Amino acid sequence: MGIDGEVSTGDAADGRADQRRSLLGGLNDGVRRLGRRYHHIRHNHRLGWVLRYVTIAVGTVVTLAGIVAIPYPGPGWAIVFLGLLILSQEFEWAARLRLAVMSRLNAFYSRYIDGNRLAQVVLGVATCAIVILTVWLTGFLGVMAGWVGWDADWLRSPFA
(Lines give C-alpha, C1' and ligand atoms only; values in the text may rest on other atoms or scores of the structure.)
Protein backbone atom coordinates (compact mmCIF):
# COMPACT_ATOMS: atom_id res chain seq x y z
CA MET A 1 0.00 0.00 0.00
CA GLY A 2 1.17 3.52 -0.82
CA ILE A 3 0.90 6.71 1.20
CA ASP A 4 -2.68 7.40 0.02
CA GLY A 5 -3.84 3.80 0.35
CA GLU A 6 -3.17 2.89 -3.27
CA VAL A 7 -1.73 -0.50 -4.06
CA SER A 8 1.88 -0.39 -5.21
CA THR A 9 2.45 -1.63 -8.75
CA GLY A 10 6.19 -1.87 -8.60
CA ASP A 11 9.36 0.08 -8.02
CA ALA A 12 8.10 3.26 -9.72
CA ALA A 13 5.04 3.48 -7.46
CA ASP A 14 7.17 2.79 -4.38
CA GLY A 15 9.58 5.51 -5.47
CA ARG A 16 6.73 8.02 -5.84
CA ALA A 17 5.34 7.09 -2.40
CA ASP A 18 8.81 7.50 -0.86
CA GLN A 19 9.18 10.84 -2.61
CA ARG A 20 5.80 12.03 -1.24
CA ARG A 21 6.75 10.86 2.26
CA SER A 22 10.05 12.73 2.12
CA LEU A 23 8.32 15.84 0.76
CA LEU A 24 5.71 15.77 3.54
CA GLY A 25 8.40 15.06 6.12
CA GLY A 26 10.43 18.01 4.86
CA LEU A 27 7.36 20.24 4.98
CA ASN A 28 6.58 19.18 8.53
CA ASP A 29 10.19 19.79 9.55
CA GLY A 30 10.06 23.24 7.99
CA VAL A 31 6.84 24.09 9.82
CA ARG A 32 8.34 22.89 13.11
CA ARG A 33 11.48 24.98 12.56
CA LEU A 34 9.35 28.03 11.78
CA GLY A 35 7.34 27.47 14.96
CA ARG A 36 10.48 27.12 17.07
CA ARG A 37 11.93 30.28 15.51
CA TYR A 38 8.68 32.18 16.15
CA HIS A 39 8.63 31.16 19.81
CA HIS A 40 12.33 31.93 20.22
CA ILE A 41 11.88 35.47 18.87
CA ARG A 42 8.61 35.92 20.74
CA HIS A 43 10.09 35.01 24.14
CA ASN A 44 13.75 36.02 23.85
CA HIS A 45 13.85 39.18 21.77
CA ARG A 46 13.29 42.54 23.41
CA LEU A 47 10.59 43.40 20.83
CA GLY A 48 8.87 40.01 21.08
CA TRP A 49 5.79 41.69 22.46
CA VAL A 50 5.37 43.46 19.09
CA LEU A 51 5.34 40.08 17.35
CA ARG A 52 2.60 38.96 19.75
CA TYR A 53 0.32 41.87 18.87
CA VAL A 54 1.04 41.62 15.15
CA THR A 55 0.21 37.90 15.28
CA ILE A 56 -3.04 38.59 17.12
CA ALA A 57 -4.01 41.37 14.67
CA VAL A 58 -3.21 39.31 11.57
CA GLY A 59 -4.98 36.23 12.95
CA THR A 60 -8.07 38.27 13.80
CA VAL A 61 -8.23 39.92 10.36
CA VAL A 62 -7.75 36.60 8.54
CA THR A 63 -10.40 34.88 10.70
CA LEU A 64 -12.93 37.69 10.15
CA ALA A 65 -12.26 37.71 6.40
CA GLY A 66 -12.87 33.96 6.36
CA ILE A 67 -16.15 34.35 8.24
CA VAL A 68 -17.31 36.91 5.67
CA ALA A 69 -16.26 34.55 2.86
CA ILE A 70 -18.03 31.43 4.20
CA PRO A 71 -21.30 31.82 2.26
CA TYR A 72 -19.51 32.53 -1.03
CA PRO A 73 -17.92 30.04 -3.40
CA GLY A 74 -14.30 29.54 -2.48
CA PRO A 75 -12.16 28.78 0.53
CA GLY A 76 -14.12 30.56 3.30
CA TRP A 77 -13.74 27.79 5.86
CA ALA A 78 -10.10 27.27 4.95
CA ILE A 79 -9.46 30.98 5.58
CA VAL A 80 -11.20 30.75 8.96
CA PHE A 81 -9.06 27.75 9.92
CA LEU A 82 -5.92 29.57 8.76
CA GLY A 83 -6.84 32.57 10.91
CA LEU A 84 -7.47 30.34 13.92
CA LEU A 85 -4.16 28.59 13.25
CA ILE A 86 -2.41 31.98 13.35
CA LEU A 87 -4.25 32.92 16.54
CA SER A 88 -3.38 29.57 18.10
CA GLN A 89 0.26 30.69 18.19
CA GLU A 90 -0.78 32.97 21.04
CA PHE A 91 -4.05 31.55 22.38
CA GLU A 92 -4.75 27.98 23.45
CA TRP A 93 -8.51 28.56 23.05
CA ALA A 94 -8.00 29.26 19.32
CA ALA A 95 -6.35 25.88 18.84
CA ARG A 96 -9.15 24.11 20.72
CA LEU A 97 -11.81 26.06 18.77
CA ARG A 98 -10.18 25.22 15.43
CA LEU A 99 -10.10 21.50 16.22
CA ALA A 100 -13.67 21.50 17.57
CA VAL A 101 -15.10 23.38 14.56
CA MET A 102 -13.20 21.20 12.12
CA SER A 103 -14.46 17.98 13.70
CA ARG A 104 -18.06 19.21 13.91
CA LEU A 105 -18.01 20.50 10.35
CA ASN A 106 -16.55 17.22 9.06
CA ALA A 107 -19.17 15.25 11.01
CA PHE A 108 -21.97 17.48 9.66
CA TYR A 109 -20.81 17.12 6.06
CA SER A 110 -20.31 13.36 6.29
CA ARG A 111 -23.71 12.88 7.94
CA TYR A 112 -25.90 15.26 5.92
CA ILE A 113 -24.14 16.35 2.72
CA ASP A 114 -21.99 13.50 1.39
CA GLY A 115 -24.09 11.40 -0.98
CA ASN A 116 -27.24 13.50 -0.43
CA ARG A 117 -28.04 15.07 -3.80
CA LEU A 118 -30.93 17.15 -2.44
CA ALA A 119 -28.75 18.74 0.24
CA GLN A 120 -26.03 19.43 -2.33
CA VAL A 121 -28.54 21.10 -4.68
CA VAL A 122 -30.01 23.17 -1.82
CA LEU A 123 -26.52 24.33 -0.80
CA GLY A 124 -25.66 25.16 -4.42
CA VAL A 125 -28.87 27.16 -4.93
CA ALA A 126 -28.39 28.97 -1.61
CA THR A 127 -24.81 29.87 -2.55
CA CYS A 128 -25.94 31.19 -5.94
CA ALA A 129 -28.70 33.22 -4.27
CA ILE A 130 -26.24 34.76 -1.81
CA VAL A 131 -23.83 35.68 -4.61
CA ILE A 132 -26.60 37.20 -6.76
CA LEU A 133 -27.99 39.13 -3.78
CA THR A 134 -24.52 40.49 -2.98
CA VAL A 135 -23.91 41.47 -6.61
CA TRP A 136 -27.31 43.22 -6.69
CA LEU A 137 -26.83 45.04 -3.37
CA THR A 138 -23.38 46.31 -4.38
CA GLY A 139 -24.84 47.71 -7.62
CA PHE A 140 -22.73 45.53 -9.87
CA LEU A 141 -25.75 43.66 -11.28
CA GLY A 142 -26.97 46.91 -12.86
CA VAL A 143 -23.51 47.49 -14.31
CA MET A 144 -23.43 43.99 -15.82
CA ALA A 145 -26.94 44.48 -17.22
CA GLY A 146 -25.73 47.67 -18.91
CA TRP A 147 -23.00 45.67 -20.65
CA VAL A 148 -25.62 43.61 -22.49
CA GLY A 149 -28.03 46.48 -23.06
CA TRP A 150 -30.67 45.73 -20.42
CA ASP A 151 -32.06 48.72 -18.60
CA ALA A 152 -34.48 47.61 -15.90
CA ASP A 153 -35.06 49.54 -12.70
CA TRP A 154 -35.21 46.38 -10.57
CA LEU A 155 -31.59 45.56 -11.53
CA ARG A 156 -30.34 48.69 -9.77
CA SER A 157 -29.25 48.40 -6.18
CA PRO A 158 -31.38 50.12 -3.54
CA PHE A 159 -28.12 51.59 -2.18
CA ALA A 160 -26.86 53.00 -5.49
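Source: prediction; values computed, not measured.
- Residue pairs meeting the side-chain hydrogen bond (donor to acceptor under 3.5 Å, both in side chains) criterion with at least one member in residues 71-86, sequence neighbours excluded: Tyr72-Thr134.
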Result block: side-chain N/O donor-acceptor pairs under 3.5 angstrom for residues 112-119, not counting sequence neighbours:
residue: Asn116; atom: OD1; partner: Leu118; partner atom: N; Å: 3.3
residue: Asn116; atom: OD1; partner: Ala119; partner atom: N; Å: 3.3
residue: Asn116; atom: ND2; partner: Tyr112; partner atom: O; Å: 3.3
residue: Arg117; atom: NH1; partner: Gln120; partner atom: OE1; Å: 2.9

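- Residues that satisfy the side-chain hydrogen bond (donor to acceptor under 3.5 Å, both in side chains) test with His40, not counting sequence neighbours, are Asn44.
- Atom CD of Glu90 is separated from atom CD1 of Ile86 by 11.5 Å, given to the nearest 0.5 angstrom.
- Remark: Tyr38 pairs with no residue by the ring pair (Phe, Tyr, Trp, His ring centres under 6.0 Å) rule, at least two apart or across chains.
- Residues Val121 make up the rest of the hydrophobic cluster containing Val125, defined by ILVMFWY side-chain heavy atoms closer than 4.5 Å, directly or through other members.
- With a 4.5 Å cut-off on side-chain heavy atoms, Val68 and Leu64 do not count as touching.
- Among all heavy-atom pairs drawn from Val80 and Ile67, the shortest one is CG2-N, 3.4 Å.
- Interatomic distance, CG of Leu84 versus OG1 of Thr63, reported as 4.5 Å (0.5 Å rounding).
- Closest heavy-atom contact between Ile130 and Pro71: CD1-CB, 3.6 Å.
- With rounding to the nearest 0.5 Å, the separation of CD1 in Ile56 from CG in Leu87 is 7.5 Å.
- Residues passing the ring pair (Phe, Tyr, Trp, His ring centres under 6.0 Å) test with Tyr109, sequence neighbours excluded: none.
- Side-chain heavy atoms closer than 4.5 Å link hydrophobic residues (I, L, V, M, F, W, Y) into clusters, and following such links, possibly through other members, connects Trp93 to Phe81.
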Pairs under 3.5 angstrom only: tabulate donor-acceptor contacts from the side chains of residues 94-101 to other protein residues two or more places apart or in another chain.
none

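- Partners of Trp49 under the ring pair (Phe, Tyr, Trp, His ring centres under 6.0 Å) rule, at least two apart in sequence or in another chain, do not exist in this structure.
- Listed by chain and residue number, His43 satisfy the ring pair (Phe, Tyr, Trp, His ring centres under 6.0 Å) test with His39 (two or more places apart in sequence, or in another chain).
- Residues Leu133 and Val143 are members of one and the same hydrophobic cluster, defined by side-chain heavy-atom contacts under 4.5 angstrom among Ile, Leu, Val, Met, Phe, Trp and Tyr.
- Residues passing the side-chain contact (heavy atoms from CB on, under 4.5 Å) test with Leu141, sequence neighbours excluded: Val135, Trp136, Met144, Leu155.
- Checked against side-chain contact (heavy atoms from CB on, under 4.5 Å), Ile132 has no partners two or more places apart in sequence or in another chain.
- Side-chain atoms of Val131 and Pro73, non-hydrogen and from C-beta on, do get closer than 4.5 Å to each other.
- Here the side chains of Leu137 and Pro158 are in contact, with some heavy-atom distance below 4.5 Å.
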>> Apply side chain to side chain contact (heavy atoms under 4.5 Å, CB included) to residues Leu51 and Leu47 and explain how you reach the verdict.
In response: CA-CA 7 Å; Leu51 181 60; Leu47 295 177; over 6 Å; no

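- Grouped with Val61 in a hydrophobic cluster is no other residue, since no side-chain heavy-atom contact under 4.5 Å to another Ile, Leu, Val, Met, Phe, Trp or Tyr is found.
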